[in-house]
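For reference, the structure is listed below as structure tokens.
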Amino acid sequence: MKLVVVSAGLSVPSSTRLLADRLAKATAARVPAEVAVVELRDLAVEIAHNFTNGFPGRALGAAIEAVTQADGLIVVTPVFSASYSGLFKSFFDVLEQGVLAGKPVLIAATGGSARHSLVLEHALRPLFAHLRAVAVPTGVYAASEDWGAEGLAERIERAAGELAGLMTGLSAAGPARDARPASAADGSAEVSADGSAVAPAEGFVRRPREAVAQSATAGRGARTDGFQVVPFEQQLAALRTR
């Protein structure tokens, strides 16, 4: 797997890069991944030229290819004028439309004051929603007073765990299902002529004969093979009348 970190920090050393490195380390501890870092500070001139001539330079082209091929992204920006930096936005402006669609992204930001923490929800999350990326639920904001204080390490670990889960497909797959046939698990599946279990159609629930004895006379659904097929809409309507 490939994990790409995009850091828009400008100074050296940079608190933005420091946060990016901590997020990458926490994520790599959970999922085996090759980590690559894209420093936008080094690409500023090529990004500007790309806007004027329409062609990325060699370094910018390599960065774009890395982001395009990544299995997961960590993006970190400093806060300027209560939003992401212009350099950060410019990099994602030069990407081709759709290259981030469905890609897991961990959003993060640094700033001098905790008052700018909502930049994650008001600026970064809408940006990556527009790019059709999948931003993890936990964004990480680090103000100057957060370094060394309680809370930051926990947010980093939680966000890293969410990104690792998306990268490995655990969140998309959901909890593991019972591997037994439905008839063995709950006795509610039909059995075909060859003895194999037949799962009920989506949107319907099959109940054993005993469970539907009272409702069978109400004319709801049809009885087949000792089971009653009850449409989901009828079940929902019954709940609403209670």
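- Residue pairs that meet the salt bridge (charged side-chain N to carboxylate O under 4.0 Å, His left out) test with at least one member in residues 120-137, sequence neighbours left out, are Glu121-Arg125.
- Side chain of Glu154 to main chain of Gly151: a donor-acceptor pair is present (N/O by atom type, distance under 3.5 Å, no hydrogens or angles).
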Acceptor/donor pairs from residues 44-52 side chains to any protein atom, 3.5 angstrom cut, sequence neighbours excluded:
| residue | atom | partner | partner atom | Å |
| --- | --- | --- | --- | --- |
| Glu46 | OE1 | Ala59 | N | 3.4 |
| Glu46 | OE1 | Leu60 | N | 2.8 |
| Thr52 | OG1 | His49 | O | 2.9 |

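- Across all non-hydrogen atoms, the minimal contact from Leu40 to Ala8 is CD1-CB, 3.9 Å.
- The two residues Ala159 and Val136 make their nearest non-hydrogen contact at O-CG2, 4.4 Å.
- Side-chain atoms of Arg30 and Glu162, non-hydrogen and from C-beta on, never get closer than 4.5 Å to each other.
- Not counting sequence neighbours, the partners of Asp42 by the side chain to side chain contact (heavy atoms under 4.5 Å, CB included) test are Glu39.
- In the hydrophobic clustering of this structure, Ile74 groups with Leu19; members are Ile, Leu, Val, Met, Phe, Trp, Tyr whose side-chain heavy atoms approach within less than 4.5 Å, directly or through other members.
- In this view, Ala66 and Val4 satisfy the side chain to side chain contact (heavy atoms under 4.5 Å, CB included) rule, not counting sequence neighbours.
- Residues Val79 and Leu23 fall into different hydrophobic clusters, defined by Ile, Leu, Val, Met, Phe, Trp and Tyr side chains chained together at heavy-atom separations under 4.5 Å.
- How far OG1 of Thr138 is from CD of Glu157: 12.0 Å, rounded to the nearest 0.5 Å.
- In this structure, Arg22 and Val140 have side chains that are not in contact, with every pair of non-hydrogen atoms separated by 4.5 Å or more.
- Using a 4.5 Å heavy-atom cutoff, the side chains of Val67 and Leu73 are in contact.
- Shown here for Ser14 and Ser11, the closest heavy-atom pair between the two residues is CB-O, 3.1 Å.
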Table please: side-chain donor-acceptor pairs of residues 86-113 below 3.5 Å, with sequence neighbours left out.
| residue | atom | partner | partner atom | Å |
| --- | --- | --- | --- | --- |
| Lys89 | NZ | Asp93 | OD1 | 2.7 |
| Lys89 | NZ | Asp93 | OD2 | 3.2 |
| Ser90 | OG | Gly86 | O | 2.8 |
| Lys103 | NZ | Thr68 | O | 3.1 |
| Lys103 | NZ | Ala70 | O | 2.7 |
| Thr110 | OG1 | Thr16 | OG1 | 2.8 |
| Ser113 | OG | Arg115 | N | 3.1 |
| Ser113 | OG | Arg115 | NE | 3.1 |

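- In this structure, the side chains of Glu34 and Leu3 stay at 4.5 Å or more apart for every pair of heavy atoms.
- Salt bridge Glu150/Arg155: absent, no basic N to carboxylate O contact under 4.0 Å.
- Val75 and Val134 are members of different hydrophobic clusters when ILVMFWY side chains are connected at heavy-atom separations under 4.5 Å.
- The hydrophobic clustering, which links ILVMFWY residues whose side-chain heavy atoms are closer than 4.5 Å, places Leu166 and Met1 together.
- Here the shortest heavy-atom pairing between Ala20 and Ser7 reads CB-CB, 4.4 Å.
- Residues forming a side-chain hydrogen bond (donor to acceptor under 3.5 Å, both in side chains) with Asp21 (at least two apart in sequence, or on another chain): Arg17.
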**Request:** Starting from the C-alpha separation in whole Å, work towards a yes-or-no answer on side-chain contact (heavy atoms from CB on, under 4.5 Å) for Leu118 and Tyr141.
**Result:** CA-CA 9 Å; Leu118 288 178; Tyr141 178 82; over 6 Å; no
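- The side chain to side chain contact (heavy atoms under 4.5 Å, CB included) search around Glu65 returns Gln69, not counting sequence neighbours.
- Closest non-hydrogen pair, Ala24 versus Val5, comes out as CB-CG2, 3.7 Å.
- Looking only at distances, a side-chain donor or acceptor of Asp71 sits under 3.5 Å from a matching main-chain atom of Lys2.
- Remark: Ala114 pairs with Ala143, Glu145 by the side chain to side chain contact (heavy atoms under 4.5 Å, CB included) rule, at least two apart or across chains.
- Partners of Arg41 by side-chain hydrogen bond (donor to acceptor under 3.5 Å, both in side chains), not counting sequence neighbours: none found.
- Taking hydrophobic clusters as Ile, Leu, Val, Met, Phe, Trp and Tyr residues chained together by side-chain heavy-atom distances below 4.5 Å, Met167 does not share a cluster with Phe128.
- Residues Tyr84 and Leu127 form a side-chain contact, since some pair of their non-hydrogen atoms from C-beta on lies under 4.5 Å apart.
- Residues Phe80 and Val119 fail the side-chain proximity criterion, which asks for heavy atoms closer than 4.5 Å.
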